[in-house]
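Below, chain A is the first sequence line, B the second, and so on; all start at residue 1. The basis for the numbers below is simple: all heavy atoms, side chains too, and nothing from hydrogens, waters or symmetry mates. Predicted model only: the values in this text are computed from it and were never measured.
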Protein chains: 2
Amino acid sequence: MTSIRDVARLAGVSPSTVSRVMNQTANVNEEKKQKVLWAIQETGFVPNELARSLYKKNSKIIGVIVPSIDNPFFGELARVIEEEAFLNGYRLTLCSSNHNREKEKANIQMLTRLKAEGIILMTNDETLQEEIEKCNLPIVALDRQIASGNGVSYIHADHYKGSRLAMKHLLECGCKNIVKLREPQVYSSGRQRFAGYVSVCKEYGIPVQYIDCQYDYEDGFRVAEQVLLKYPDVDGILANNDMVAIAVYKVLKKRGYRVPEDVQLIGFDNIAFSHMILQELTTIEQPIKEMGKLAVKAIMEYGQAGKIEQEQVLDVTLIKRETTKERKGLS
Amino acid sequence: MTSIRDVARLAGVSPSTVSRVMNQTANVNEEKKQKVLWAIQETGFVPNELARSLYKKNSKIIGVIVPSIDNPFFGELARVIEEEAFLNGYRLTLCSSNHNREKEKANIQMLTRLKAEGIILMTNDETLQEEIEKCNLPIVALDRQIASGNGVSYIHADHYKGSRLAMKHLLECGCKNIVKLREPQVYSSGRQRFAGYVSVCKEYGIPVQYIDCQYDYEDGFRVAEQVLLKYPDVDGILANNDMVAIAVYKVLKKRGYRVPEDVQLIGFDNIAFSHMILQELTTIEQPIKEMGKLAVKAIMEYGQAGKIEQEQVLDVTLIKRETTKERKGLS
DNA sequence: TTGAAAGCGATACCAT
DNA sequence: ATGGTATCGCTTTCAA
């Protein structure tokens, strides 16, 4: 393992000079510079980031904790974050918590010891207060709220508005008997989405009817059957996210329902797969790209300025596709 | 930032002793031990991994370079790798190369400087020889072959066999006019898959007919149209992977073909989505879990033993689902 | 059992 | 412009 000293020796200069050449941190006599450059080539020297980080007290590491990648939404988010981090000279240490509280704790610990410059949390579990407060790294909660925001920044889409948009769209499509798949209420995203739905019901004097459903495909599959059983006359389903909507779609079709003629269907997230299934899914788009970028930016700013924005709510948009159909004169 | 010295001072012992307590690396007088433990609690001390790594010359970092996460196959692989790495006390630095040669080079460089203990490469570009040879980290190529294997380990599924399995299955299903979507031949996986197909053709005296297709959904969509145009009598399609098969399925249905009655369809990879679409996709399963585990193990073994297995080929299996249908007496 | 001290590899201040 | 040297935080000989 060749070090800066070896290079210095070979070039006949001091380590300081080698450092200066490498980092262009000061002027160096042209001749010596060339010698150093040559010596670096000759030895195949590669600076040790660990040592550099140790001295400079910045690791250029951003920790990312995702709940699990069953849901491509998090995968897409991770990808955006990686891209943005790379552009800014940061690297990304990826941890997946698998909905496992212990593993998540271990991950936060690990990132603290690694001297990560910040953590982007996408985990949906809200029972992690102490861990989060204890580690005093800047934390950005993405798509999730953390109760007593102690130096914790919070970036998320406008779930409330998204749900309202979706619900109103279903109404414009002429649905008379809408069923809501209710998000797990332990997540802030879930509470907000459900509240949006309820608010529209109140406005229009529509009865609130829902069935609880987790955010994943398997549960969507199970719950879809229940919906048809409990509400045989359903003509519109407001799914809690795209993965669930995809499962619901499958059940509907298997049971012989026509979509959107018999039952209209709308998702949430606009993951890539929502337009790959047979009938492209009408859904609410979260600005994934922007969310990822803002998260990285928040952490970088913290490193520089020492402060961090408290909460940022991003806009969502309705993406009309093939699982819903507007009918004239019915809004 | 509290350091080991602060703890030592507070506990009234030397830094060495604190270190010994933390790492249980030697016996320490019980009383002092308790004092140290207390001091750690009191100060909220967290050891600095950077410093530790620097001294111990091992970073416990595994670099993972994926081509892009459009294809969930890589996402699933990354997830398995993370899990296995975590179990063994390693962390994962994730890089996505986006099919960009420059970025990939930069990533390898970066991981070298970071003193990663190894790199798992899933990138499908084969023009990276020099970079790979220059950095002398242990490298594991996953799902991809690297020409002059210089300390490079190679783990991949048996693409050749997989293709043969798929082709034979289509024949057993009674297909008379099969079209192969040919994988990009710059990838070893592509070459092997195509060779498998050709070998079966030869065996059965069937004409080789194919159209070139990238590994992604968009290209699958485009190529599917071409297939129908060029081979209107097609009754079996051997897609190059699941993402493409999903695209093909969509085009077939949109054009009014019945699957599998009119056209049978088979994919490759068995990504999670292959069973989420309306008709579950018949496909060839790659042992994703095993591949990820082996990759991590290979790197760890290198760290310990200094050697690394040269090539490991894993078995694949046919997953019969709903886009093909066996007909009796036709094999 | 314990502490002092010498690194690990790079940086930056302080002289020169 | 350049070199010597202390330093980042931790680990590990080597003595005591």
Legend entry - B:Lys32 vs C:dT1: side-chain N/O to OP1/OP2 distance below 4.0 Å: no

Inset, instruction - Send over the distance from A:Leu114 CG to D:dG9 C1', rounded to a whole Å. - result: 14 Å

Inset, instruction - Please determine if B:Arg91 and B:Glu49 form a salt bridge, counting it only when a charged side-chain N lies under 4.0 Å from a carboxylate O. - result: yes

Legend entry - Side-chain touch B:Asn88/B:Met300, heavy atoms, less than 4.5 angstrom: yes

Inset, instruction - Considering only NZ, NE, NH1 and NH2 on the basic side and carboxylate oxygens on the acidic side, decide whether B:Glu290 and B:Lys297 come within less than 4.0 Å. - result: no

Inset, instruction - Starting from C1' on D:dA1, measure out to CD on A:Gln24 and report it in whole angstrom. - result: 16 Å

Legend entry - Sugar-phosphate, base or nothing in reach of A:Val13, heavy atoms under 4.0 Å: sugar-phosphate

Legend entry - Minimum side-chain heavy-atom gap A:Cys95-A:Leu111 below 4.5 Å: yes

Legend entry - A:Lys115 NZ to D:dC8 P, straight-line distance once rounded to whole Å: 14 Å

Inset, instruction - State plainly whether the residues B:Glu83 and B:Arg79 are in salt-bridge range, i.e. N to O under 4.0 Å. - result: yes

Legend entry - Phosphate OP1/OP2 of C:dT1: any B:Asn27 side-chain N/O under 4.0 Å: yes

Legend entry - Atom-pair distance (CG on A:Leu54; C1' on D:dT7), nearest Å: 9 Å

Legend entry - Pairwise distance OG(A:Ser53) to NZ(A:Lys60) - rounded to 0.5 angstrom: 9.5 Å

Legend entry - Phosphate contact (D:dG9 OP1 or OP2) by A:Lys57 side-chain N/O below 4.0 Å: yes

With the criterion being N/O to N/O and under 3.5 Å, what pairs connect the protein with nucleotides 10-12 of chain D, and how long is each?
residue: D:dC10; atom: OP1; partner: B:Asn48; partner atom: N; Å: 3.0
residue: D:dC10; atom: OP2; partner: B:Ile4; partner atom: N; Å: 2.5
residue: D:dT11; atom: OP1; partner: B:Asn23; partner atom: ND2; Å: 3.2
residue: D:dT11; atom: OP1; partner: B:Arg52; partner atom: NE; Å: 2.6
residue: D:dT11; atom: OP1; partner: B:Arg52; partner atom: NH2; Å: 2.7
residue: D:dT11; atom: OP2; partner: B:Ser19; partner atom: OG; Å: 3.1
residue: D:dT12; atom: O4'; partner: B:Tyr55; partner atom: OH; Å: 3.1
residue: D:dT12; atom: O4; partner: B:Ser16; partner atom: OG; Å: 3.3

